[in-house]
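Structure record follows, encoded as structure tokens.
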Number of protein chains: 2
Amino acid sequence: MARKAQFDIQQFFQALGDNTRLRLLNLMGEQEVCVCYFVEILGAPQPKISRHLAYLRNAGIVSARREGKWMHYRIVMPPHIGATQILRQTLDWLNEDKAMQTDRARLAKACCAPSKYDLDGAPLPAAVSAQSCGAC
Amino acid sequence: MARKAQFDIQQFFQALGDNTRLRLLNLMGEQEVCVCYFVEILGAPQPKISRHLAYLRNAGIVSARREGKWMHYRIVMPPHIGATQILRQTLDWLNEDKAMQTDRARLAKACCAPSKYDLDGAPLPAAVSAQSCGAC
DNA sequence: GTGACATATTCGTCAACGTGAATATATTCA
DNA sequence: TGAATATATTCACGTTGACGAATATGTCAC
């Protein structure tokens, strides 16, 4: 018993109906991102980020992976192809938004920026570590 | 001043995050539908239907047209193409749901069914009146 | 005008959500 | 073991949303 709940349309859209969560999804895009970058880039208190990530996880939209002290979150495409397409469409939509572009730009150069959260040693997002980060 | 507010992503998804509203959108599909059919088919109190329709209207997803005593609602595709595609995708998704199919089937034959709301004389949905409703 | 009908709005209540502050848990290092 | 760091959870509070019940508005027929 206590089976994993079936994917819920209503819950899916509710999860997308918050700007903070949209910003998180926008930053994840196709890559895995460490929580500390969310905190740094959104400039929001860490518990707030954590709660929204838990909400997304509970809705089945993201999954988490622990790596030492750090937690990595990534988007997991829904089991339903329609939902997957909607999610991709949404990410494309966010791509066009000015503020969202700024967020992504800040993530791209986060490996160079000092921060109050001290990201030295924090795991880099996949896309950043894959390239050599020319800005450094 | 008091310009029409810009289309809001967050509000858009919030509007989709309720099952009653999803049922309403599913019934509208591409056609215009009279409120009395919503009340009849959803089997919900009329004020509840009206409030959800107002919510959708406020989010810019549907528009209303008065025809005598009756109000017709229809989906109005959002000004942003990405939102339009998401909305279409959502309608396709709903199309696959069993309960949503039942709702649409009941709308299709609503012109034949007697009802406590007495739909005699109520305006028929466009798709129903266009065809000759073979079931009658 | 009055009455009947279709729809919209208001009111009160309750649950869900978003938030900051504080605290708890988990992991690593010494 | 204990300290330091990263993340999660809890608590209290204000806001929003969904709801049933009651009421208001708008339109038509007479």
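Order of the sequence lines fixes the chain letters, A, B, ..., with proteins taken first and strands second; residue numbering starts at 1 for each chain. This one's a predicted model, so the numbers in the text were calculated from it and none came from an experiment.
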Quiz prompt | Approximate separation, where rounding is to 0.5 Å, of A:Ile41 CD1 and A:Asn26 CG | solution = 10.0 Å
Quiz item: Which value, rounded to the nearest 0.5 Å, describes the distance between A:Arg23 atom CZ and A:Ile49 atom CD1?
Solution: 8.0 Å
Self-check item: Centroid separation A:Tyr37 to A:Trp70 less than 6.0 Å
Solution: no
Quiz item: How is A:Tyr73 classified with respect to the nucleic acid when contacts are heavy atoms under 4.0 Å: base, sugar-phosphate, or nothing?
Solution: sugar-phosphate
Figure out the [atom1]/[atom2] separation between [X] and [N], and round it to whole Å.
{"X": "B:Met71", "N": "C:dT9", "atom1": "CE", "atom2": "P", "result": "9 Å"}
{"X": "B:Phe38", "N": "C:dA6", "atom1": "CZ", "atom2": "P", "result": "16 Å"}
{"X": "A:Glu40", "N": "D:dT5", "atom1": "CD", "atom2": "P", "result": "16 Å"}
{"X": "A:His72", "N": "C:dA26", "atom1": "NE2", "atom2": "C1'", "result": "15 Å"}
{"X": "A:Leu24", "N": "C:dG18", "atom1": "CG", "atom2": "P", "result": "12 Å"}
{"X": "B:Asn58", "N": "C:dA8", "atom1": "CG", "atom2": "P", "result": "14 Å"}
{"X": "B:Leu53", "N": "C:dT7", "atom1": "CG", "atom2": "P", "result": "10 Å"}
{"X": "A:Trp70", "N": "D:dA4", "atom1": "CH2", "atom2": "P", "result": "17 Å"}

Self-check item: A:Gln31 vs A:Val33 side-chain heavy atoms within contact, under 4.5 Å
Solution: yes
Which nucleotide in the list [options] gets nearest to the side chain of [X]?
{"X": "B:Arg66", "options": "D:dT9, D:dG26, D:dA22", "value": "D:dG26"}
{"X": "A:Val35", "options": "C:dT7, D:dA8, D:dT9", "value": "D:dA8"}
{"X": "A:Arg57", "options": "C:dT27, C:dA8, D:dA8", "value": "D:dA8"}

Quiz item: Which heavy atom in A:Thr20 sits nearest to a heavy atom in A:Leu42, and how many Å separate them?
Solution: CG2-CD1, 4.1 Å
Quiz prompt | A:Arg57 and A:Tyr73: side chain donor to acceptor below 3.5 Å | solution = yes
Could you go through nucleotides 11-18 of chain D and list every protein N or O atom that sits under 3.5 Å from one of its N or O atoms, giving the distance for each pair?
residue : atom : partner : partner atom : Å
D:dG17  : OP1  : B:Tyr55 : OH           : 3.4
D:dA18  : OP1  : B:Asp18 : OD2          : 3.4
D:dA18  : OP1  : B:Arg21 : NH1          : 3.2
D:dA18  : OP1  : B:Arg21 : NH2          : 2.8
D:dA18  : OP2  : B:Arg21 : NH1          : 3.2

Quiz item: Hey, is the side chain of B:Gln46 pairing donor to acceptor with the base of C:dA8 inside 3.5 Å?
Solution: yes
Quiz item: Parallel, tilted or perpendicular: which describes the rings of A:Phe12 and A:Phe7, with under 30° parallel and over 60° perpendicular?
Solution: tilted
Exercise. Could you say whether A:Lys69 or B:Ser50 is positioned toward the 5' end of DNA chain C, judged by the nucleotide with the nearest heavy atom to each?
Key: B:Ser50
